[in-house]
Amino acid sequence: MVSNKQPIGSGPTSLERDAQRNAVVELIKVAPVAEELGTRFAAAGHRLYLVGGSVRDALLGRLGTDLDFTTDARPEQVRELLTGWAETIWDTGIQFGTLGAFRHGTTVEITTFRADSYDRVGRNPEVAFGDTIEGDLVRRDFTVNAMAIQLPERAFVDLHGGMTDLVDKRLDTPAAPEDSFADDPLRMLRAARFVAQLGFTPTDRVVTAMTEMSAEIARITPERVQVELSKLLCGEFPRRGVELLVSSGLADHVLPEVPAMKLEIDEHHQHKDVYSHSLTVLDQAVDLERAADPDAEPDLVLRLAALLHDIGKPATRRFESGGGVSFHHHEVVGAKMTRKRMRALRYPKDVINQVADLVFLHLRFHGYSDGQWTDSAVRRYVNDAGPLLPRLHKLVRADCTTRNKRKANALQRAYDDLEERIDRIAAEEDLAKVRPDLDGNEIMGLLGVEPGPIVGKAWKHLKELRLDRGPMSREEAVEELHRWARDQGIETPGQ
């Protein structure tokens, strides 16, 4: 399928020329580093280009302090040129032709022109150095990442219509997408990630290749899949990225629980489309996240929980007599499924625990909306959520997707009321640190026991009382401890 971009050679439009000028203005902000490098390499008879994502971000007005360069100089020549100029140099990527350096608050990575070849079995290429910028650019993943700025001249190099695609917010490959994705299947995930980050639309030929080649993603390690998925979810438009993963079939291989939520709707047993509902919850969670702190970093834990909170529904769906549908205990099943999938994707243990706990807790509130909770129940809600409580607030609110405004308003009022009660009780008690009224040392002294299981059981009993009753005086706590010990057949000093 032929891309619908402007033909190469037709010349930049006025809008594109404006973007070029903006890129140069943006580049000037880091001119001391970029220009110094360009001048240094030129003096040694080498060519140097700002390249890839750095040029794309400069054109978008979002150039950061991590800059990528490419050059005809070989790695050892690059090292020589950096020595005496950079404050720090590292060569952990030198086997791939890359050296990194730091100067004046800017991190640079300089990679020798590449002309790699792939066996199309794994992902790692047979590294080969090239001699031309043309050869280097054609092997890059997408046209918007295949532009360069020659330094110190600041001359644009755009051989594949990247500027046109950038202006039109279009995602296409320099070479045929089938060849690009066969070389490196990770690029298919990167396509979905760029859709989520930049809001671009992939060309028909890119989507077709992704769909036909989706099974090739099995060549990619779970760790790399996880990195791309996390970046996708932390993008500005995560829903678009997820939708592309699902529609192309990639999600069937990397996150199959999400497309599995597309349950068939029986005309006699109506219920929400769980997949569409989950995407709406993701949208609403992102909105709540941004409303709480527009300048905060994206909350990966909240976004994962929003996307996965109902993945237990397909396994728990039951058709009830009278036309109803139930999903009993889907939060329990969903939490287990979440842990299993996230472990397979090699997420850190703390991230797995937080996301799974949110999935497990997301339905707890609905008991509150049906009737008044006791103060004990409120304390337990706060205690069970622990440090996840602010995220749980957002997730529960985002989970309301009903179109019935009266019902939606009632749910929001109920949660407003719950938060007000939490604040009121927290003002009277330290809900963030619910502890028994006696500590472990006091328990051992009062019971006359050494450290061991008895102390843990007594501590747990006193904590349950603390949650039920609220704070107790020391005298009350001691009396309750002795009462518990008698019930357990434990003889205590003086009793």
Side-chain angles (χ1 to χ4, degrees), residues 222 225-226 229-230 233 238-239 242 245-246 250-266 269-285 299-370 377 380-381 383-386 388-389 391-402 411 415:
V225 170
Q226 178 240 107
L229 180 61
S230 296
L233 287 173
R239 177 176 185 149
V242 173
L245 287 182
V246 172
L250 279 169
D252 292 334
H253 303 282
V254 300
L255 201 60
E257 295 81 1
V258 172
M261 289 191 287
K262 286 187 169 186
L263 298 176
E264 288 186 20
I265 307 294
D266 186 296
H269 298 86
Q270 293 294 320
H271 61 79
K272 283 182 183 175
D273 176 62
V274 182
Y275 170 68
S276 296
H277 162 75
S278 297
L279 292 180
T280 301
V281 173
L282 174 60
D283 278 340
Q284 295 183 167
D299 190 339
L300 176 64
V301 168
L302 175 63
R303 296 180 184 202
L304 279 165
L307 179 63
L308 303 177
H309 76 285
D310 274 349
I311 61 171
K313 279 191 170 180
T316 58
R317 181 173 64 164
R318 298 291 182 272
F319 295 123
E320 307 291 351
S321 59
V325 179
S326 67
F327 302 96
H328 294 308
H329 305 301
H330 77 267
E331 75 282 12
V332 178
V333 174
K336 292 179 180 178
M337 292 172 65
T338 295
R339 290 184 185 278
K340 183 177 180 180
R341 176 53 52 195
M342 292 185 67
R343 286 192 191 110
L345 289 170
R346 308 292 194 270
Y347 272 98
K349 185 176 180 180
D350 62 325
V351 176
I352 295 173
N353 289 338
Q354 292 175 67
V355 175
D357 286 349
L358 285 171
V359 172
F360 178 74
L361 292 169
H362 83 274
L363 276 188
R364 187 77 59 87
F365 158 73
H366 291 282
Y368 185 89
S369 63
D370 295 336
R380 290 180 183 279
Y381 187 77
N383 181 74
D384 290 348
L388 291 173
L389 186 62
R391 286 183 171 120
L392 184 58
H393 287 334
K394 295 184 183 73
L395 178 59
V396 172
R397 289 185 182 276
D399 195 24
C400 176
T401 62
T402 178
L411 286 170
Y415 208 83

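These figures come from a predicted structure and were not determined experimentally. Positions are given from 1, in the same order as the sequence printed here.
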**Request:** Apply side chain to side chain contact (heavy atoms under 4.5 Å, CB included) to L304 and Q354, showing your working.
**Result:** CA-CA 10 Å; L304 279 165; Q354 292 175 67; over 6 Å; no
With a 4.5 Å heavy-atom cut-off, do [X] and [Y] have their side chains touching?
| X | Y | answer |
| --- | --- | --- |
| L307 | L255 | yes |
| H253 | V225 | no |
| Y381 | L361 | no |
| P256 | R341 | yes |
| V242 | L233 | yes |
| L308 | V258 | yes |
| V351 | Q226 | no |
| Y415 | L411 | no |

**Asked** Can any side-chain N or O of Q284 pair as donor or acceptor with the backbone N or O of C400 at less than 3.5 Å?
**Response**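 Such a contact is found between Q284 side chain and C400 backbone.
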**Prompt:** Between D273 (side chain) and S276 (backbone), is there a donor-acceptor pair under 3.5 Å?
**Reply:**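 Such a contact is found between D273 side chain and S276 backbone.
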Return the [atom1] to [atom2] distance between [X] and [Y], rounded to the nearest 0.5 Å.
| X | Y | atom1 | atom2 | value |
| --- | --- | --- | --- | --- |
| H309 | H330 | NE2 | NE2 | 6.5 Å |
| L229 | Y347 | CG | OH | 4.0 Å |
| L392 | K394 | CG | NZ | 10.5 Å |

**Request:** Taking salt bridge (charged side-chain N to carboxylate O under 4.0 Å, His left out) as the test, write out the residues that go with D384, two or more places apart.
**Result:**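 Once residues adjacent in sequence are excluded, the partners of D384 under the salt bridge (charged side-chain N to carboxylate O under 4.0 Å, His left out) criterion are R364.
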**Qualifying residues under salt bridge (charged side-chain N to carboxylate O under 4.0 Å, His left out), relative to R239, sequence neighbours excluded** =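 For R239 the salt bridge (charged side-chain N to carboxylate O under 4.0 Å, His left out) partners, ignoring immediate neighbours, are E243, D283.
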